[in-house]
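Encoded as structure tokens, the structure appears first; notes follow it.
Bear in mind the structure is a predicted one, so any value in this text is a computation, not a measurement.
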Amino acid sequence: MLPAKEAETIILDLVQPLNSQQDAEIVSLEDATERILAKAIASEVDFPYWDNSAMDGYAVHYQDVADCTPDNPVTLEIVEEIPAGYPPQKTIESGQTARIFTGAMLPSGADTIVIQENTQREDNRVKIFASPEAKQFVRYQGSYYQAGNPMLRSGIVLQASDIAVLATAQCTELTVYRRPQVAILSTGDELVTPDTPLQPGQIVDSNQYALASFVKQNGGIPLCYGIIPDKPEALKNAIEQAVNQADIVLSTGGVSVGDYDYVDRILAELGGNIHIRSVAVKPGKPLTVATFDNTCLYFGIPGNPVSALVSCWRFVLPALKKLSGITDNVTPTFVKATTQNPLKAGGKRETYLWGTLEVIDGEYQFSITGGSHQSANLINLAQTNGLAVVPMGETSIEAGTEVMVMQV
């Protein structure tokens with residue numbers, strides 16, 4: 001059994017990221033959310049595009065108002081009104097000003113904005129009662145970003161804030177990585193689909209749906225192969241087809257040491273190179289990781305539903321992120337939290353106990369879910385967002401103790 005961290009390192013070393021040219025596609029700005037940028041972005045325009053006002057007020061030449069006070073106001077002639085979206089028509093000379101609104105372009109000759117709260121207008125003149133700072137409330141062209149400089153680098157997942165930046169830069173089409181294709185197949189004669197009336201001894205295949213959801217949530221395209229019976233030839237045909245079609249294959253079940261666990265043998269027959277056979281993790285000890293000459297990465301994970309999801313969160317997700325083209329933060333995020341409950345473990349493997357992670361009074365707190373923490377019991381896994389880690393060699397952790405929690 002490999003320690004979890006060592007298995008993670010081996011898996012990430014096996015991943016060959018998508019190629020920024022061969023595996024890229026063009027999408028519109030409207031369709032770019034949650035896509036991974038394959039080509040860095042630089043804009044052809046400055047931002048702000050031109051000098052503009054940050055406030056409603058009056059555009060002035062600073063020297064005209066440098067010394068004004070409530071007792072000694074300065075009166076200026078209003079020669080123009082400039083709403084946002086309209087270019088100024090006049091140059092501001094000494095003794096003149098322009099009424100200006102937030103976002104409006106600064107007229108030539110002006111270098112400072114006097115906010116309207118410090119003024120009193122009388123027809124086409126305005127009194128200035130307070131001297132602003134030089135260049136106050138002016139947003140100068142290129143002060144936020146200068147054309148031609150790097151704006152967004154490749155390898156990032158595009159979020160709402162990035163989309164806003166791209167729209168501002170007039171980037172209407174983007175080069176992103178294609179979505180990885182992930183084949184999902186469930187093995188076992190006991191499995192049936194959710195719409196099948198249950199017979200004695202049968203089990204509903206929840207993994208097919210859980211793993212498809214997992215893949216979608218993380219930017220991939222699930223290719224659902226359904227339930228494959230425990231017949232070596234049928235399983236071999238399904239795995240061969242999946243390996244030739246997908247970037248990653250996820251199979252659940254058949255990776256332990258039972259009489260009907262054929263996966264490892266079939267992988268070898270198909271030319272797969274097996275790198276991992278088990279990990280020192282609970283739940284999720286059986287874990288087969290193999291590669292093929294076509295760069296497909298194969299994960300054989302346990303059939304028990306909790307084990308399957310824990311294996312995905314701990315080992316599959318980093319591989320999927322790296323393969324997708326993401327360059328930062330591909331490994332799981334662990335935070336320090338105070339456990340509100342005692343935690344129990346067997347001690348022989350690194351143990352993950354699921355529960356709720358939340359911030360209380362500025363600190364992370366972890367509360368374990370009620371009920372049994374067995375790999376077949378997925379009922380109390382719903383709405384959890386953290387896995388508390390009990391290190392190998394430890395059998396109990398008292399409430400109030402700081403523990404590491406993996407965010408999920």
Side-chain angles (χ1 to χ4, degrees), residues 29 32-33 37 39-154 156 158-174 328 362:
L29 187 60
T33 302
L37 199 58
K39 184 179 179 181
I41 297 293
S43 175
E44 297 179 358
V45 296
D46 294 331
F47 192 71
Y49 311 122
W50 47 73
D51 298 349
N52 70 91
S53 176
M55 301 288 284
D56 290 349
Y58 293 87
V60 302
H61 181 61
Y62 175 70
Q63 293 301 324
D64 285 344
V65 298
D67 300 321
C68 62
T69 66
D71 296 328
N72 185 32
V74 172
T75 300
L76 301 176
E77 179 189 5
I78 303 170
V79 297
E80 185 177 14
E81 183 168 290
I82 312 170
Y86 292 87
Q89 301 298 311
K90 296 183 179 181
T91 298
I92 303 302
E93 306 290 349
S94 180
Q96 296 180 334
T97 185
R99 178 74 167 112
I100 196 167
F101 296 89
T102 302
M105 190 173 180
L106 195 71
S108 178
D111 59 10
T112 301
I113 302 298
V114 176
I115 59 174
Q116 62 186 26
E117 291 86 345
N118 294 331
T119 67
Q120 180 180 326
R121 181 168 181 170
E122 298 175 354
D123 297 327
N124 68 333
R125 294 185 176 275
V126 63
K127 287 184 177 181
I128 311 296
F129 292 97
S131 178
E133 296 179 8
K135 301 182 180 181
Q136 192 169 21
F137 300 124
V138 175
R139 298 184 290 216
Y140 283 96
Q141 179 176 345
S143 59
Y144 300 160
Y145 170 83
Q146 295 178 351
N149 288 333
M151 176 174 280
L152 293 176
R153 59 182 175 80
S154 62
I156 62 172
L158 295 171
Q159 306 293 346
S161 56
D162 307 310
I163 299 300
V165 169
L166 292 166
T168 295
Q170 297 185 301
C171 296
T172 58
E173 291 187 335
L174 309 167
D328 291 336

Practice problem: Please report the C-alpha distance between E81 and F101 in whole Å, then the side-chain angles of each, then the deciding distance to 0.1 Å, and finally whether the side chain to side chain contact (heavy atoms under 4.5 Å, CB included) criterion is met. | Solution: CA-CA 9 Å; E81 183 168 290; F101 296 89; 3.8 Å; yes
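- For the pairing with Q141, the side chain to side chain donor-acceptor pair (under 3.5 Å) check across N52, D51, D46 returns one residue only, D46.
- Residues T97 and A59 come closest through the heavy atom pair OG1-O, 2.7 Å.
- Y140 approaches P48 most closely through the heavy-atom pair O-CD, 3.3 Å.
- In terms of modelled atom types and a separation under 3.5 Å, the side chain of R99 and the main chain of I82 share no donor-acceptor contact.
- Under a cut-off of 6.0 angstrom, the local environment of CD in E117 is crowded, with over 12 non-hydrogen atoms contributed by other residues, nucleotides or ligands.
- Counting heavy atoms of neighbouring residues, nucleotides and ligands inside a 6.0 Å radius, atom OH of Y86 does not exceed 12 of them.
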Self-check item: CA sep, side-chain torsions, deciding dist, call: C171, L29, side chain to side chain contact (heavy atoms under 4.5 Å, CB included)
Solution: CA-CA 7 Å; C171 296; L29 187 60; 5.8 Å; no
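- The heavy-atom pair separating T112 from K135 by the smallest distance is OG1-N, 2.9 Å.
- Looking at every heavy atom in both residues, D67 comes nearest to S131 through N-OG, 4.1 Å.
- Side-chain contact, D56 with Q116: no donor N or O sits under 3.5 Å from an acceptor N or O.
- The backbone N or O of A169 sits nowhere less than 3.5 Å from a side-chain atom of Y145 that would complete a donor-acceptor pair.
- The minimum heavy-atom distance between T102 and R139, with the atom names listed, is CG2-NH2, 4.1 Å.
- At most 12 heavy atoms of other shown residues, nucleotides or ligands fall within 6.0 angstrom of atom CD in E44.
- Checking Q146, M151, Q170 one by one against S43, the side-chain contact (heavy atoms from CB on, under 4.5 Å) holds for a single residue, M151.
- The shortest non-hydrogen separation linking Q89 to E80 is N-OE2, 2.6 Å.
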